[in-house]
**Student:** 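Questions regarding the structure given below will be posed in turn.
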Amino acid sequence: MLLYLFFLLSLFLTFIDNGSAGITSAFIRTQFPSVDIPLENEVLSVPNGYNAPQQVHITQGDYDGEAVIISWVTADEPGSSEVRYGLSEGKYDVTVEGTLNNYTFYKYESGYIHQCLITGLQYDTKYYYEIGKGDSARKFWFETPPKVDPDASYKFGIIGDLGQTYNSLSTLQHYMASGAKSVLFVGDLSYADRYQYNDVGVRWDTFGRLVEQSTAYQPWIWSAGNHEIEYFPSMGEEVPFRSFLSRYPTPYRASKSSNPLWYAIRRASAHIIVLSSYSPFVLLRRSIIFCLLIVFLIANYLFLYCRTMSTWKEESFPVIIWLIHLELAIFLQLPYQFVFLTSEVLGLFQVKYTPQWHWLKQEFKKVNREKTPWLIVLMHVPIYNSNAAHFMEGESMRSAYERWFVKYKVDVIFAGHVHAYERSYRISNIHYNVSGGDAYPVPDKAAPIYITVGDGGNSEGLASRFRDPQPEYSAFREASYGHSTLDIKNRTHAIYHWNRNDDGNNITTDSFTLHNQYWGSGLRRRKLNKNHLYSVISKRPFTARF
């Protein structure tokens with residue numbers, strides 16, 4: 001009997017390893033409509049006091065976790081940009097002066113945005129800080145991470161596509177009860193771009209006040225999504241990411257990045273790489289323009305030739321006129337987002353050789369799995385997605401970067417964009433070329449697990465149309481709101497949970513033990529001597545079999 005049960009268990013595990021046991025959840029969300037919280041709701045209220053600091057949020061300020069950037073807004077006047085902090089509540093031994101800026105969007109004028117970099121912090125320490133002056137001063141605290149170490153335990157939360165609905169509030173409150181220390185945010189913050197004119201800026205303000213209950217106390221590691229682009233030519237707004245970049249700083253210079261939209265940090269035992277799903281389009285403006293210009297000049301020649309030789313065909317008219325229209329757009333220097341859209345239509349999109357590509361190539365070389373065993377990548381657009389929404393939108397980035405993800409054995413890649421949850425098996429699609437090879441994803445033990453968590457609670461609603469049948473690379477998928485946690489225990493194991501907001505309750509729906517790609521191999525496990533293993537396990541509440 002035991003032998004029979006063992007056989008069944010082995011067969012079941014074989015199915016899992018081969019990626020043929022994918023699950024599509026039948027759960028249907030019933031509570032909380034996808035509408036933004038009204039402006040008068042108390043969770044969006046302005047704090048008491050004249051010119052009181054609001055929308056407070058912090059993020060990591062350097063490469064290794066010894067610094068933070070504290071940001072806030074004052075609405076009435078500039079006020080003070082000082083941060084006073086110390087090791088005891090109410091006793092602030094150090095004062096640091098920050099910077100001040102503001103911006104306009106259409107006719108909206110932002111408040112005064114303060115950003116203060118605090119360096120030289122001690123690891124694994126709780127700090128108390130105060131901002132503002134007099135009766136309007138506000139007090140908060142934050143904790144620094146453990147020193148970068150291969151066996152440093154740390155718990156991350158993962159949230160994406162949050163917005164500011166009642167579902168968003170439910171996700172935020174459930175996350176705050178999880179015990180996680182920092183959020184890895186995979187893009188699409190406020191969804192303010194669903195509004196027009198001055199309301200765009202207003203909804204950035206309300207989002208900042210909504211999330212302050214968490215962001216003022218622990219760092220959120222930000223990445224940008226499509227809802228941060230905010231391209232509104234009808235409103236005279238043609239500079240991408242203006243609101244996001246003005247409000248949410250990142251420590252990009254610490255990782256030698258040339259742009260705040262892509263960067264890397266090390267935190268505890270994790271090396272985290274943040275990529276931008278949209279930046280390469282902008283950065284390739286000149287090369288795309290050159291290619292398009294050649295095409296359009298040829299189209300003009302054909303247009304004139306056909307008219308002269310009386311060989312004009314009526315069905316050719318829309319295509320050639322469209323090409324001429326694009327040529328005029330380039331000559332008139334229309335915004336580069338217009339070129340981005342047309343380049344995608346024409347199939348000219350390419351991310352290789354861009355600044356982000358060069359930077360990522362060097363950043364992977366800097367990863368030291370002996371110090372930071374856990375290699376995590378954040379992006380907005382998922383590379384592997386079996387939902388009808390945004391299907392295959394990540395193909396260009398996949399073709400440029402996937403070989404690196406496999407080569408450097410990335411542990412897990414988190415993305416958003418699709419308003420549902422999905423987890424993949426370890427698969428890759430790197431063997432195909434024009435002359436041969438597999439033209440579809442195959443199991444690959446060196447590949448990362450891809451997880452889509454674009455289910456934070458946004459006002460656009462859930463993406464409930466999954467492709468049928470479920471692809472072999474898809475392990476679990478469900479159209480529900482929620483958040484994830486990644487609880488790193490040591491250099492070899494981490495515990496992952498996806499937590500569904502089940503009618504207002506926090507329900508763990510998908511969970512598994514994540515084995516580290518570098519230290520999880522049998523060869524390196526054997527290199528860990530027994531005494532070291534014993535010391536590591538004895539200091540951790542988690543125990544695992546090696």
Side-chain angles (χ1 to χ4, degrees), residues 60 63-65 145-158 181-186 221 223 250-252 254-257 262-277 356-357 359-380 382-384 394 397-398 400-415 423-428 430 444-453 484-496 512-521 523-525 527-528:
Q60 185 162 315
Y63 199 54
D64 285 337
K147 184 179 180 180
V148 172
D149 182 85
D151 289 308
S153 60
Y154 200 79
K155 189 173 185 179
F156 292 98
I158 304 97
K181 301 293 187 180
S182 178
V183 169
L184 307 178
F185 194 87
V186 292
I221 311 305
S223 63
T250 64
Y252 68 101
S255 58
K256 311 302 181 185
S257 168
W262 64 83
Y263 60 98
I265 61 169
R266 302 196 304 178
R267 195 167 185 87
S269 54
H271 193 123
I272 301 163
I273 295 176
V274 179
L275 298 179
S276 175
S277 296
Q356 183 173 206
W357 185 89
W359 171 83
L360 181 60
K361 183 179 181 180
Q362 296 303 315
E363 186 62 28
F364 270 130
K365 294 177 180 179
K366 291 163 57 178
V367 176
N368 184 349
R369 305 298 280 272
E370 300 284 335
K371 293 183 177 180
T372 51
W374 295 97
L375 183 53
I376 301 169
V377 173
L378 311 182
M379 60 179 64
H380 184 62
I383 285 180
Y384 287 100
M397 185 169 278
R398 185 198 64 77
Y401 295 152
E402 187 178 22
R403 290 183 183 275
W404 288 348
F405 297 155
V406 175
K407 175 182 177 180
Y408 292 99
K409 294 187 176 181
V410 173
D411 291 293
V412 60
I413 295 180
F414 293 108
R423 170 173 58 87
S424 79
Y425 295 105
R426 293 195 185 276
I427 43 90
S428 70
I430 60 175
D444 189 338
K445 292 183 178 180
I449 292 175
Y450 295 88
I451 299 179
T452 300
V453 284
S484 297
T485 59
L486 181 66
D487 192 358
I488 296 174
K489 298 299 183 179
N490 50 43
R491 73 181 69 192
T492 60
H493 293 76
I495 306 299
Y496 172 84
F512 64 94
T513 298
L514 182 64
H515 297 262
N516 185 265
Q517 287 284 69
Y518 181 83
W519 285 102
S521 68
L523 177 63
R524 290 191 175 87
R525 282 206 306 269
K527 288 184 177 179
L528 292 171

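Sequential numbering from 1 along the given sequence is applied to the chain's residues. As the structure is a prediction and not an experimental result, all values here were calculated from the model.
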**Student:** Determine, step by step, whether I158 and V183 satisfy the side-chain contact (heavy atoms from CB on, under 4.5 Å) criterion, reporting the C-alpha distance in whole Å, the side-chain angles of both residues, the deciding distance to 0.1 Å, and the verdict.
**Tutor:** CA-CA 6 Å; I158 304 97; V183 169; over 6 Å; no
**Student:** Under the 3.5 angstrom rule, does the side chain of S257 hit a backbone N or O of Y263 as a donor-acceptor pair?
**Tutor:** no
**Student:** So, E402 side chain and A447 main chain: donor-acceptor pair closer than 3.5 Å or not?
**Tutor:** no
**Student:** Listed by chain and number, what are the ring-ring contact (aromatic ring centres under 6.0 Å, His included) partners of Y496, not counting sequence neighbours?
**Tutor:**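 Residues passing ring-ring contact (aromatic ring centres under 6.0 Å, His included) with Y496: F512.
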**Student:** Any sub-3.5 Å donor-acceptor pair from W519's side-chain atoms to E370's backbone N or O?
**Tutor:** no
**Student:** Hey, could you give me the CZ/CG distance between R266 and D149, rounded to the nearest 0.5 Å?
**Tutor:**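 Here the interatomic distance stands at 11.0 Å.
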**Student:** I'd like to check Q517 versus Y408 (side-chain heavy atoms, cut-off strictly below 4.5 Å). Are they in contact?
**Tutor:**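 Result no, sub-4.5 Å side-chain heavy-atom pair not found.
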**Student:** Side chains of Q362 and K256: closer than 4.5 Å at any heavy-atom pair?
**Tutor:**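 No; the side chains remain at least 4.5 Å from each other.
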**Student:** Between S255 and I265, is there a side-chain heavy-atom distance shorter than 4.5 Å?
**Tutor:** no
**Student:** Are any of the side-chain nitrogens in D411 or K409 under 4.0 Å away from the carboxylate oxygens of its partner?
**Tutor:**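 Salt bridge absent between D411 and K409.
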**Student:** For the CD1 atom of I427 and the CD1 atom of I430, what is their distance to the nearest 0.5 Å?
**Tutor:** 10.5 Å
**Student:** For R426, which residues count as a side chain to side chain donor-acceptor pair (under 3.5 Å) partner, sequence neighbours excluded?
**Tutor:** none
**Student:** What is the distance from atom OG of S269 to atom CG of L375, rounded to the nearest 0.5 Å?
**Tutor:** 12.0 Å
**Student:** Is a side-chain N or O of S223 found less than 3.5 angstrom from the main chain of F185, in a donor-acceptor match?
**Tutor:**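 It does hold such a pair.
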**Student:** Which atom pair, heavy atoms only, marks the closest approach of S424 to I449?
**Tutor:**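 Where S424 meets I449 most closely, the heavy atoms are O-CG2, 3.4 Å.
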**Student:** Taking atom NZ as the centre, does K371 end up with more than 12 heavy-atom neighbours from other residues, nucleotides or ligands that are less than 6.0 angstrom away?
**Tutor:** no
**Student:** Roughly how far, to the nearest 0.5 Å, is CZ of R267 from CD1 of I272?
**Tutor:**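 Between atom CD1 of I272 and atom CZ of R267 there are 7.5 Å.
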**Student:** Please list, chain by chain and in numerical order, all residues satisfying ring-ring contact (aromatic ring centres under 6.0 Å, His included) with Y450, sequence neighbours excluded.
**Tutor:**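 For Y450 the ring-ring contact (aromatic ring centres under 6.0 Å, His included) partners, ignoring immediate neighbours, are Y384.
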**Student:** Give a yes or no answer on whether the side chain of E363 reaches the backbone of I273 with a donor-acceptor pair at less than 3.5 Å.
**Tutor:** no
**Student:** For K181, which residues count as a side chain to side chain donor-acceptor pair (under 3.5 Å) partner, sequence neighbours excluded?
**Tutor:** E143
**Student:** Where do Y401 and L275 land on the side-chain contact (heavy atoms from CB on, under 4.5 Å) test, with the steps shown first?
**Tutor:** CA-CA 11 Å; Y401 295 152; L275 298 179; 4.1 Å; yes
**Student:** Locate the shortest heavy-atom distance separating A254 from Y63; write the atom from each residue and the value.
**Tutor:** CB-N, 3.6 Å
**Student:** So does F156 get a backbone contact from the side chain of D487, meaning a donor-acceptor N/O pair under 3.5 Å?
**Tutor:**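 No, D487 side chain to F156 backbone: no donor-acceptor pair under 3.5 Å.
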**Student:** Enter the distance from N368:CG to H271:NE2 here, rounded to the nearest 0.5 Å.
**Tutor:**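 Between N368 CG and H271 NE2, I get 10.0 Å after rounding to 0.5 Å.
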**Student:** With sequence neighbours left out, write down each residue that passes side-chain contact (heavy atoms from CB on, under 4.5 Å) with A268, or none if nothing qualifies.
**Tutor:**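 Scan of A268 (side-chain contact (heavy atoms from CB on, under 4.5 Å), adjacent residues dropped) gives P146, A152, Y154.
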**Student:** For G65 and Q60, work out which heavy atoms get closest and say how close.
**Tutor:** N-NE2, 3.2 Å
**Student:** Could you go step by step and tell me if R398 and F405 meet the side-chain contact (heavy atoms from CB on, under 4.5 Å) rule?
**Tutor:** CA-CA 9 Å; R398 185 198 64 77; F405 297 155; over 6 Å; no
**Student:** Can you tell me if W374 uses its side chain to pair, donor with acceptor, with the backbone of N490 under 3.5 Å?
**Tutor:**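 Such a contact is found between W374 side chain and N490 backbone.
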**Student:** For a quick test of reading the model, state the closest non-hydrogen atom pair linking V148 to D64 and the distance between them.
**Tutor:**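 Shortest heavy-atom separation between V148 and D64 comes out as CG2-O, 3.8 Å.
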**Student:** Check whether any side-chain N or O of R491 sits under 3.5 Å from a backbone N or O of R369 as a donor-acceptor pair, and report yes or no.
**Tutor:**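 It does not hold such a pair.
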**Student:** Contact between H515 and T513 at the side-chain level, heavy atoms closer than 4.5 Å - yes or no?
**Tutor:**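 Contact flag for H515/T513 side chains = yes.
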**Student:** Taking NZ in K366 as the centre, count heavy atoms belonging to other residues, nucleotides or ligands within less than 6.0 Å. Is the count above 12?
**Tutor:**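 Above 12, so yes.
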**Student:** Does any N or O in the side chain of Q356 come within less than 3.5 Å of the main-chain N or O of S276, such that one atom is a donor and the other an acceptor?
**Tutor:** yes
**Student:** Measure from the side-chain N and O atoms of H380 to the backbone N and O of V186, and report whether any donor-acceptor pair falls under 3.5 Å.
**Tutor:** yes
**Student:** Side chains of D444 and V406: closer than 4.5 Å at any heavy-atom pair?
**Tutor:** yes
**Student:** Show the nearest heavy-atom pair for residues A494 and L486, with the distance to one decimal.
**Tutor:** CB-CD1, 3.9 Å
**Student:** Of the non-hydrogen atoms in G394 and I383, which two are nearest, and what is the gap between them?
**Tutor:**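 Shortest heavy-atom contact: O-CG1, 4.2 Å.
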**Student:** Is the distance between the ring centroids of W357 and W262 less than 6.0 Å?
**Tutor:** no
**Student:** Between S153 and I488, does a side-chain contact (heavy atoms from CB on, under 4.5 Å) hold up when you go through it step by step?
**Tutor:** CA-CA 5 Å; S153 60; I488 296 174; 5.7 Å; no
**Student:** Please name all residues satisfying side-chain contact (heavy atoms from CB on, under 4.5 Å) with K407, sequence neighbours left out, ordered by chain then number.
**Tutor:**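 For K407, no residue satisfies side-chain contact (heavy atoms from CB on, under 4.5 Å) once neighbours in sequence are set aside.
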